[in-house]
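Since the structure comes first, as structure tokens, the remarks are kept for the end.
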Amino acid sequence: MADERERAEHGRRLGEELASKDVTAVAVTFVDNSGITRFKGVPVGVLKRAAAFGVGATPVFDAFGADDLIADTPIANPAGDLRLRPDLDRLVPLAGQPGWAWAPGDRYAQDGSAHPGCARLLLGRMVERLAGRGLVASAGIELEWVIFQEGHGDEPEPVATGPAYGLGRLVEVSDYAADLLRALAAQGVQVAQFHPEYAASQFELSVAPADPVAAADTSVLVRSTIRAVAARHGLLVSFAPTVYHPGVGNGGHVHLSLARDGRNVFAGGPGPHGLTPEAEAFTAGILARLPALLAVGAPSVASYLRLLPSHWAGVYACWGWENREAALRLVTGSAAEAAESDRAANLEIKCFDLAANPYLLLAALLAAGSAGLDERPALPEPVQVNPDSLTGEERDRLGVTRLPTELAASVEAFAKEAAITDALGPVLTETLLALRRAEIDKYTNATPQEIIAATRWRY
Ligand code: GLU
Ligand code: MG
């Protein structure tokens with residue numbers, strides 16, 4: 001009750017402050033199990049009420065596909081309601097959408113208990129579980145997207161035609177890029193880097209590491225800002241895993257590190273490249289579970305058009321120091337300087353894309369890494385070449401395997417991976433399985449072009 005009153009008071013004060021800044025309403029978001037960010041809008045005058053009690057949201061959202069198909073799962077029951085409650089500490093006025101503010105939401109049952117399908121609350125619990133072992137997790141999600149001319153033609157026109165990583169490309173989108181960086185700064189987002197990527201009209205932006213829930217929140221906010229600023233410039237963007245076939249796709253690489261007593265466990269240890277035994281065990285826990293993790297992190301049929309060897313998507317289950325073709329790339333920063341590597345060292349997981357629900361993916365990764373901490377498996381040798389250039393025999397000797405080449409294989413691996421399904425719990429596990437299987441069925445006979453057309457404007 002005291003909590004409710006405090007939240008109401010916070011909502012009232014914030015609502016008044018927002019109104020004085022000409023903000024009309026708040027978009028309260030959650031990400032569904034297909035990676036689509038959905039929202040409920042709340043006028044600032046009723047933010048008090050929304051903060052105290054949440055706004056109504058059906059649990060059926062959990063069963064939505066990216067194309068709004070509703071999978072047949074026990075959660076897709078039209079009876080019953082949830083309360084979507086904005087996290088006011090994360091609320092920001094949207095610089096790219098004047099008049100609007102945004103806040104990520106948590107979903108509760110009407111009796112106030114945590115909704116077992118709420119990925120954001122789940123991630124918070126996983127972070128706490130690690131904290132219980134004395135480990136503080138940090139994360140960051142890289143964003144890649146392709147910019148098109150407006151107009152939903154069959155084959156949309158890429159805007160920037162300059163070379164990959166070329167300065168010429170910046171000239172082509174200069175005003176858009178400057179407005180975007182300005183909007184992100186106004187929203188308090190710490191951008192680490194912005195640059196053109198390999199594929200035509202593709203760009204990338206990375207942000208400073210943060211606690212995992214904040215990192216997932218930022219991923220939602222930044223994507224929406226990238227899209228909103230583009231719309232103001234008459235441009236369309238796609239974060240879909242694949243927009244050109246065959247070609248390099250849009251990745252959603254995840255960076256993770258852990259600190260114990262303020263020291264990064266991915267640096268300064270006695271293991272290879274400065275790994276501590278804890279970092280090795282955590283990494284090995286993830287490495288062993290990559291096929292299952294793909295059902296969460298590469299959750300679309302389109303994801304598997306992206307997961308090609310020699311496309312920097314990390315399609316081999318192995319790890320390597322700064323190896324861009326390994327699913328797990330150990331980043332050490334400038335190894336010459338201990339202070340720099342303590343700050344910069346992290347594990348980059350490259351095989352994931354932006355069709356993933358970032359909360360769910362980070363939760364599943366922390367579950368996999370924690371299982372490694374429990375089991376302490378040995379970390380195999382690092383791989384320092386393109387694993388695709390190795391012979392089958394060499395790969396066998398090094399224990400390197402190709403990750404699933406289709407969603408069905410990832411889903412079957414996920415179904416058997418108790419460390420992850422136990423962490424997600426039965427409601428999320430069953431929902432994910434039903435949803436992924438429905439998508440697999442729907443697109444069984446689809447061509448790559450049909451899959452791209454179905455997903456290009458959804459992400
Ligand atoms: N676009 C690549 C991908 O699909 C990644 C390129 C890079 O290494 O940043 O993941
Ligand atoms: Mg990139």
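Only a predicted model underlies this, so the values are computations on that prediction, with no experimental measurement involved.
- Put simply, the side chain of Arg232 does not reach to within 4.5 Å of the side chain of Tyr176, judged on heavy atoms.
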Hey, can you pull the donor-acceptor pairs under 3.5 Å for the side chains in residues 83-102, sequence neighbours left out?
from, atom 1, to, atom 2, distance (Å)
Arg83, NE, Phe53, O, 3.2
Arg83, NH2, Gly54, O, 2.8
Asp87, OD1, Asp89, N, 3.1
Asp87, OD2, Arg120, NH1, 3.4
Asp87, OD2, Arg120, NH2, 2.9
Arg90, NH1, Asp217, OD2, 2.7
Trp102, NE1, Thr29, OG1, 2.9

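- Looking at Thr218, its side chain does come within 3.5 Å of a backbone N or O of Ala214 through a donor-acceptor pair.
- Here the straight-line distance linking atom OG of Ser238 with atom CH2 of Trp457 works out to 6.0 Å at 0.5 Å rounding.
- At distances below 3.5 Å, at least one donor-acceptor pair connects side-chain atoms of Glu439 with backbone N or O atoms of Val301.
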Worksheet item: Can you check salt bridge (charged side-chain N to carboxylate O under 4.0 Å, His left out) on Arg437 and Glu412, steps first, answer last?
Response: CA-CA 10 Å; Arg437 286 174 179 151; Glu412 293 326 306; 3.3 Å; yes
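- By the 4.0 Å N-to-carboxylate-O rule, Arg458 lies too far from Asp67 to be salt-bridged with it.
- Thr429 places a side-chain N or O within 3.5 Å of a backbone atom of Gly425 that can act as its donor or acceptor partner.
- Surrounding CZ of Arg324 are at most 12 heavy atoms belonging to other residues, nucleotides or ligands under 6.0 Å away.
- Counting only heavy atoms from C-beta outward, the side chains of Thr332 and Trp321 approach each other to under 4.5 Å.
- Surrounding NZ of Lys350 are more than 12 heavy atoms belonging to other residues, nucleotides or ligands, all under 6.0 Å away.
- One N or O on the side chain of His311 and one on the backbone of Pro309 form a donor-acceptor pair closer than 3.5 Å.
- The pair Glu17-Lys21 meets the salt-bridge criterion, since a charged nitrogen lies less than 4.0 angstrom from a carboxylate oxygen.
- The backbone N or O of Arg329 lies less than 3.5 Å from no partner atom in the side chain of Asn323, so there is not a single donor-acceptor pair.
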Please table the atom pairs, donor to acceptor, closer than 3.5 Å between any side-chain atom in residues 127-141 and protein atoms at least two apart or in another chain.
from, atom 1, to, atom 2, distance (Å)
Arg133, NH1, Asp374, OD1, 3.0
Arg133, NH2, Asp374, OD1, 2.8

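- Between Leu361 and Leu365, the closest side-chain pair of non-hydrogen atoms falls below 4.5 Å.
- Ring geometry for Trp312 against Tyr165 counts as tilted: the plane angle lies between 30° and 60°, on a 0 to 90° scale.
- Of the possible polar contacts, none joining the Thr58 side chain to the Phe61 backbone as a donor-acceptor pair under 3.5 Å is found.
- Counting only N and O atoms by type, the side chains of Thr73 and Glu430 include no donor and acceptor under 3.5 Å apart.
- Side-chain atoms of Glu204 and Phe194, non-hydrogen and from C-beta on, never get closer than 4.5 Å to each other.
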Worksheet item: Does the pair Phe239 and Arg227 meet the rule for a side-chain contact (heavy atoms from CB on, under 4.5 Å), with working shown?
Response: CA-CA 10 Å; Phe239 296 95; Arg227 174 163 283 133; 3.8 Å; yes
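- Thr242 places a side-chain N or O within donor-acceptor distance of the main-chain N or O of Ala302, the cut-off being under 3.5 Å.
- The number of heavy-atom neighbours closer than 6.0 Å to CD of Glu9, taken from other residues, nucleotides and ligands shown, is above 12.
- Between Glu325 and Arg402 there is no salt bridge, since no side-chain nitrogen of the basic residue lies less than 4.0 Å from a carboxylate oxygen of the acidic one.
- Between Pro358 and Pro212, every side-chain heavy-atom pair lies at or beyond the 4.5 Å cut-off.
- Checking side-chain atoms of Asn33 against main-chain N and O of Asp62 turns up a donor-acceptor pair under 3.5 Å.
- A heavy-atom distance below 4.5 Å is not found between the side chains of Leu307 and Thr405.
- Within 6.0 Å of atom CZ in Arg49, 12 or fewer heavy atoms from other residues, nucleotides or ligands are found, so the atom counts as exposed in its surroundings.
- Within the 4.5 Å cutoff, the side chain of Leu293 has heavy atoms near those of the Phe352 side chain.
- The number of heavy-atom neighbours closer than 6.0 Å to CZ of Arg13, taken from other residues, nucleotides and ligands shown, is above 12.
- Within 6.0 Å of atom OH in Tyr198, 12 or fewer heavy atoms from other residues, nucleotides or ligands are found, so the atom counts as exposed in its surroundings.
- For Tyr316 (side chain) and Ala327 (main-chain N/O), no donor-acceptor pair under 3.5 Å exists by modelled atom type.
- Contact check on Glu197 versus Arg169 returns no salt bridge, with no Lys/Arg side-chain nitrogen under 4.0 Å from an Asp/Glu carboxylate oxygen.
- Partner of Pro59 under the side chain to side chain contact (heavy atoms under 4.5 Å, CB included) criterion, chosen from Thr431, Val427, Leu82: Leu82.
- Side-chain atoms of His233 and Asp179 form a donor-acceptor pair, as typed in the model, at a separation below 3.5 Å.
- Val383 places none of its side-chain heavy atoms less than 4.5 Å from the side chain of Trp319.
- The main-chain N or O of Ala279 is found under 3.5 Å from a side-chain atom of Thr283 such that the two form a donor-acceptor pair.
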